[in-house]
Amino acid sequence: LLALSTFFLPVREWIASLLGWAGERGPWAASLLGFLWLPAAVLFVPGSVLTLGTGFLLGLGWGIAVVSVGSTLGATAAFLVGRRLGRDWVRQRIGAREIFRGIDSAIADEGFKVVLLLRLSPLVPYNPLNYALALTGVRLRDYVLGSWIGMLPGTILYVGVGAGARSLAAAVFGAGERPTPWLALLAAGLDA
């Protein structure tokens, strides 16, 4: 129901308003934007909007740091909720089926690799994966480390796009120029 509500409710507008509010908090903006990931991940709020907004508000360097930490903490929170609410039920359901026990065991044994590869794939959405992996036997340590490393390339890309939008807005509205290497990085990010 939470996932479906993101399609029918004005969630993106709410997030945009929240991002605007957080951006006006001065030195607290980074902490607030990082903290937003906890409820957002648990409640299936689209992470791409938070990532782009953080890049726009904080720029490339701080944006990457805040989104990297925030999205990993949010993913961990959703994982722990899913593990607490669903793992025992799934274990009971697959207990009698050898193939599912084997898959669960393989994921548990190779948890870091599985999580890393799933996080690197742009085809696997952030929110459902948090809960899906919570239902497996993957260890928390493997989940957190695999998620953090695996989400970094996407984080850099999306924060870069958000930061690029910021620089475009600055160029259009006259807030100064960016150095050539920064513009080259932006062009490479937009190309990707």
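Everything quoted here is computed from the prediction, not taken from an experiment.
- Atoms OG1 and CZ, on Thr76 and Arg83 in that order, are 11.5 Å from each other to the nearest 0.5 Å.
- Scanning all heavy atoms of the two residues, the minimum distance from Ala41 to Ala78 falls at O-CB, 3.9 Å.
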Stepwise side-chain contact (heavy atoms from CB on, under 4.5 Å) check, Phe35 with Val66 = CA-CA 9 Å; Phe35 177 75; Val66 167; over 6 Å; no
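- Taking every heavy atom of both residues into account, Ala40 and Asn127 meet most closely at O-OD1, 4.3 Å.
- A side-chain contact (heavy atoms from CB on, under 4.5 Å) with Tyr158 is found for one member of Val49, Thr51, Ile64, Leu50 and no other, namely Thr51.
- Shortest non-hydrogen contact noted between Ala29 and Leu58 is CB-CD2, 4.4 Å.
- Both Leu57 and Trp28 are members of a single hydrophobic cluster when ILVMFWY side chains are connected at heavy-atom separations under 4.5 Å.
- Under a hydrophobic-cluster definition in which Ile, Leu, Val, Met, Phe, Trp and Tyr are linked whenever side-chain heavy atoms come within less than 4.5 Å, directly or via other members, Val67 and Ile149 are assigned to different clusters.
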Decide yes or no on side-chain contact (heavy atoms from CB on, under 4.5 Å) for Leu85 and Val81, but give the supporting numbers first.
-> CA-CA 6 Å; Leu85 297 178; Val81 167; 3.7 Å; yes
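- With hydrophobic clusters built from ILVMFWY side chains whose heavy atoms lie under 4.5 angstrom apart, Val124 does not share a cluster with Leu116.
- Taking CD1 of Ile107 as the start and NZ of Lys113 as the end, the distance is 14.0 Å to the nearest 0.5 Å.
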Dump the intermediate steps for side-chain contact (heavy atoms from CB on, under 4.5 Å) on Val114 and Val138, then the final yes or no.
-> CA-CA 9 Å; Val114 170; Val138 67; over 6 Å; no
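- From Ser48, atom OG reaches atom CG of Leu157 across 11.0 Å, with rounding to the nearest 0.5 Å.
- Taken together through direct or relayed side-chain contacts under 4.5 Å among Ile, Leu, Val, Met, Phe, Trp and Tyr, Ile103 and Val115 form part of one hydrophobic cluster.
- A parallel orientation is assigned to the rings of Tyr131 and Phe44, their planes being inclined by less than 30° (bins at 30° and 60°).
- Applying the side chain to side chain donor-acceptor pair (under 3.5 Å) definition to pairs two or more places apart or across chains, those involving residues 140-150 are Ser68-Trp148, Arg119-Tyr143, Arg119-Ser147, Asn130-Tyr143, Arg139-Asp142.
- Considering CG of Leu140 and CG of Leu133, their distance stands at 11.5 Å, rounded to 0.5 Å.
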Test log, rule side-chain contact (heavy atoms from CB on, under 4.5 Å), inputs Leu36 and Leu33 = CA-CA 5 Å; Leu36 285 176; Leu33 291 168; 4.1 Å; yes
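- In the hydrophobic cluster analysis, where Ile, Leu, Val, Met, Phe, Trp and Tyr join through side-chain heavy atoms closer than 4.5 angstrom, Phe112 is grouped together with Leu120.
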